[in-house]
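Note that ligands are numbered from 1 as they come in the structure, with each ligand's atoms numbered from 1 the same way.
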Amino acid sequence: MKIFIDSANVREIKEAAGLGVIDGVTTNPTLIARENKPAKAILEEICSLVSGPVSAEVISLESRKICEEARQLSKIAKNIVIKVPLVKEGLKAVQILSQEGIRTNVTLCFSLPQAILAAKSGASYVSPFIGRLDDITACGISLISEIKTVFRNYGFKTEIIVASIRNPLHVADAAKIGADIATIPFAVIEQLIRHPLTDIGIARFLEDYKKIPQK
Ligand code: E4P
């Protein structure tokens with residue numbers, strides 16, 4: 001499973017990239033708004049740090065305007081992927097953009113039929129939001145399993161980005177299902193690393209090391 005960082009914060013992205021486990025980045029308007037800088041400047045900096053796909057979201061809701069915005073965003077860097085919301089006009093735009101060779105990430109996916117339509121429209125990626133489904137007592141991870149099965153059944157090439165991840169269990173479950181990508185907030189990446197038994201083990205080894213005669 002590929003790991004993307006779900007962040008627009010350059011410090012977080014640099015630190016995560018330094019771990020050597022990050023394959024790409026996803027941003028959204030909420031994440032960009034937290035940075036208090038123009039979106040273009042943030043995206044340029046992120047793309048200079050990461051060679052993998054960097055998702056940048058359009059804000060237009062009409063297919064012609066989505067395409068125009070997408071073409072502008074694509075000029076920022078070769079690794080920009082255009083995030084398009086899963087609405088009728090969005091699907092129309094994805095079809096046009098895919099014919100132009102512009103990669104798309106269809107976002108705000110909450111159901112299997114929506115994911116099927118994203119794949120049929122030619123999306124490079126689809127992002128089902130599992131945490132937000134869990135929030136309304138629908139099982140987010142079950143949706144990933146259903147999408148994986150159907151994409152396999154029909155040989156759809158669209159990659160599944162498990163999004164709205166809230167905890168390490170979400171990541172483990174996504175990997176068990178065989179999701180292509182998990183996009184993970186920085187705080188959860190840090191949680192993935194830590195285990196109390198690792199800390200206890202290190203403390204014990206260091207204590208025991210002190211007992212070793214030096215000569
Ligand atoms: C995905 O690409 C989105 O940026 C993100 O995962 C949304 O997560 P949230 O539900 O925690 O806002």
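Taking 4.0 Å as the cut-off, Arg166 counts as a neighbour of ligand 1 on heavy-atom distance. For the pair Asp6 and ligand 1, a heavy-atom separation below 4.0 Å is found.
The nearest protein atom to atom 4 (O) of ligand 1, hydrogens excluded, is given as Asn28 ND2, 2.7 Å; this is a heavy-atom distance. Scanning the protein heavy atoms around atom 7 (C) of ligand 1, the nearest turns out to be Phe129 CE2, 3.5 Å. Among all non-hydrogen protein atoms, the one lying nearest atom 8 (O) of ligand 1 is Ser164 CA, 3.4 Å. Among all protein heavy atoms, the one lying closest to atom 2 (O) of ligand 1 is Lys83 NZ, 2.6 Å.
The closest side-chain donor-acceptor pair between Glu35 and Asn9 falls under 3.5 angstrom. Checking Gln95 against Ser121 by side-chain atom types alone, no donor-acceptor pair falls below 3.5 Å.
Under the side chain to side chain donor-acceptor pair (under 3.5 Å) test applied with Ser55, the options Asn105, Thr183, Thr26 reduce to a single match, Asn105. Exactly one residue among Asp23, Val25, Val50 makes a side-chain contact (heavy atoms from CB on, under 4.5 Å) with Phe4. That residue is Asp23. When each of Lys2, Lys148, Arg103 is checked for a salt bridge (Lys or Arg N to Asp or Glu O under 4.0 Å) with Glu159, only Lys2 meets the rule.
Atoms of ligand 1 found under 4.0 Å from any heavy atom of Arg132 (numbered from 1 in listed order, with element): 7 (C), 9 (P), 10 (O), 12 (O). Interface of Ala163 with ligand 1, defined as ligand atoms under 4.0 Å from a residue heavy atom, comprises 1 (C), 6 (O).
Linking Ile, Leu, Val, Met, Phe, Trp and Tyr whenever their side-chain heavy atoms come within less than 4.5 Å puts Tyr154 and Ile160 in one cluster.
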